[in-house]
Amino acid sequence: DLAILKRVIVQNVDPTGAAVLNAADPMVAKMGDKCPGRVIFFAQNQHHPVITAHRAKNKKVIFFDGTYIVASKGSRVMYRFPVSEIPLTQNGVLGFQIENAMAAIGAAWALGLDAEKIARGLSSFESTANSVPGRFNQFKHKGATVIADYGHNPDAMRALTSAIEAMKPKKSHVVISGAGDRRDEDIRDLTRILGNSFDNGREPDGGYVLVTPVEKLDIHVEDAPFVAVEMKAEGNGPDSQWAQHACLSVAGKRSLRRNRK
């Protein structure tokens with residue numbers, strides 16, 4: 001059970017330390033019972049039962065009120081951080097990034113950082129390919145937004161699709177590759193989730209586009225950690241094969257096109 005394995009970290013928190021836990025995840029919330037130190041719960045819903053109960057005990061909680069991420073000890077509000085000043089959340093549009101920000105606030109609060117230092121960190125951090133590669137990195141290309149994300153389980157995919165829907169795109173396309181050590185049912189869930197959320201995962205002419213780290217290809221593109229690789233079928237019948245038709249940088253100073261099998 002993965003939850004039991006991850007609980008080991010919480011069980012080994014120092015008595016003077018703290019665990020910052022997601023109150024909205026039942027399995028994670030239960031870990032609080034095993035923590036030798038303090039517990040700080042966070043959730044987007046300020047009326048979540050776990051948040052309400054913890055707050056009633058005069059303990060620390062973090063929640064989102066629609067405009068601010070609020071850090072409270074019991075009924076006393078300690079800090080308020082406007083999501084408009086947290087670039088990671090895109091003005092509060094990206095729900096999973098609000099949760100990431102709340103977790104970071106909880107960790108900083110537990111370490112005794114003051115509100116000014118926490119706010120400075122929140123306002124300066126961005127999820128770029130250089131700072132956190134593969135974590136909802138966004139690139140602009142020919143008027144479109146390209147997002148590279150390492151989400152590899154159903155929960156991550158649900159968070160990803162919710163974020164894309166919140167961004168209200170006119171059209172959305174997806175390219176996916178799966179980790180080889182996943183259960184068959186997990187891979188099926190991933191494809192169902194994505195299939196229900198995106199317009200198309202395949203190019204109209206029958207080709208595919210693969211987004212991959214640039215170091216995996218025998219090319220060099222300045223300032224381009226990811227490239228889009230256009231794959232097309234060459235030949236007919238049993239002699240046909242997928243070939244790399246062209247490489248096009250999605251995050252660099254120039255585009256690269258090159259025929260390559």
Side-chain angles (χ1 to χ4, degrees), residues 2-3 6 20-29 41-51 61-70 81-107 122 125-129 131-141 143-179 182-183 185-202 209 211 226 228 250:
L2 191 57
K6 291 187 174 184
V20 181
L21 302 176
N22 186 352
D25 186 321
M27 287 189 290
V28 174
F41 279 121
F42 69 88
Q44 291 196 58
N45 179 8
Q46 62 179 304
H47 302 298
H48 190 285
V50 174
I51 294 292
V61 299
I62 301 169
F63 56 85
F64 180 48
D65 68 3
T67 303
Y68 296 89
I69 294 178
V70 180
F81 303 99
V83 291
S84 60
E85 297 179 10
I86 306 176
L88 191 69
T89 72
Q90 292 193 18
N91 201 30
V93 169
L94 304 182
F96 79 97
Q97 296 289 35
I98 291 175
E99 292 182 343
N100 286 336
M102 288 193 290
I105 290 168
L122 293 170
F125 181 82
E126 295 183 356
S127 184
T128 66
S131 59
V132 278
R135 299 296 183 180
F136 210 79
N137 305 146
Q138 298 185 53
F139 312 101
K140 293 294 183 181
H141 178 68
T145 299
V146 180
I147 297 172
D149 191 88
Y150 185 62
H152 54 276
N153 58 58
D155 285 341
M157 287 301 173
R158 290 186 188 97
L160 175 63
T161 56
S162 294
I164 299 298
E165 289 169 4
M167 294 170 74
K168 302 185 184 305
K170 292 180 179 178
K171 268 194 169 184
S172 60
H173 298 265
V174 63
V175 179
I176 179 177
S177 64
R182 304 295 146 181
R183 298 176 303 177
E185 56 263 39
D186 290 335
I187 295 175
R188 293 190 191 99
D189 281 346
L190 296 183
T191 56
R192 289 191 194 99
I193 294 165
L194 295 175
N196 290 329
S197 300
F198 289 87
D199 297 310
N200 202 336
R202 183 173 181 173
V209 174
V211 177
F226 294 94
V250 296

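- Nearest heavy-atom pair across Gly106 and Val20 is C-CG2, 3.6 Å.
- Minimum interatomic distance between Ser127 and Val132 (heavy atoms only, all atoms of both residues): OG-CG2, 3.3 Å.
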Cut-off 3.5 Å, no hydrogens considered: what does the side-chain donor-acceptor table look like for residues 153-164, sequence neighbours left out?
unit_1	atom_1	unit_2	atom_2	d
Asn153	OD1	Asp155	N	3.2
Asn153	OD1	Ala156	N	2.8
Asp155	OD1	Arg158	NH1	3.2
Thr161	OG1	Met157	O	3.1
Thr161	OG1	Arg158	O	3.0
Ser162	OG	Arg158	O	2.9

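- Here the side chains of Leu88 and Leu94 are not in contact, with every heavy-atom distance at 4.5 Å or above.
- A donor-acceptor contact shorter than 3.5 Å is absent between the side chain of Asn137 and the backbone of Asp149.
- Note that CE of Met167 is 5.5 Å distant from OG1 of Thr145, once rounded to the nearest 0.5 Å.
- In this structure, CD in Glu99 is found 12.5 Å from OG1 in Thr89, a value given to the nearest 0.5 Å.
- Across all non-hydrogen atoms, the minimal contact from Ala129 to Pro133 is O-CB, 3.2 Å.
- Judged by distance alone, the side chain of Ser131 and the main-chain N or O of Glu126 form a donor-acceptor pair under 3.5 Å.
- Using a 4.5 Å heavy-atom threshold, the side chains of Ile105 and Phe42 count as separate.
- No donor-acceptor pair closer than 3.5 Å links the side chain of Gln44 to the backbone N or O of Ile98.
- Between Pro169 and Ser172, the closest heavy-atom pair is CG-CB, 4.2 Å.
- Lys6 has its side chain out of reach of Met27: every pair of non-hydrogen atoms, C-beta onward, lies at least 4.5 Å apart.
- Annotation for Phe139 and Ala148: closest pair CE1-CB, 4.1 Å, computed over non-hydrogen atoms.
- Across all non-hydrogen atoms, the minimal contact from Val50 to Ala23 is CG1-CB, 3.6 Å.
- Note that CZ of Phe41 is 13.5 Å distant from CE of Met102, once rounded to the nearest 0.5 Å.
- Between the CG atom in Leu122 and the CG atom in Asn100 there is a gap of 11.5 Å [rounded to 0.5 Å].
- From Gln46, atom CD reaches atom CZ of Phe64 across 10.5 Å, with rounding to the nearest 0.5 Å.
- Under the 4.5 Å side-chain criterion, counting only non-hydrogen atoms from C-beta, Phe63 is not in contact with Asn45.
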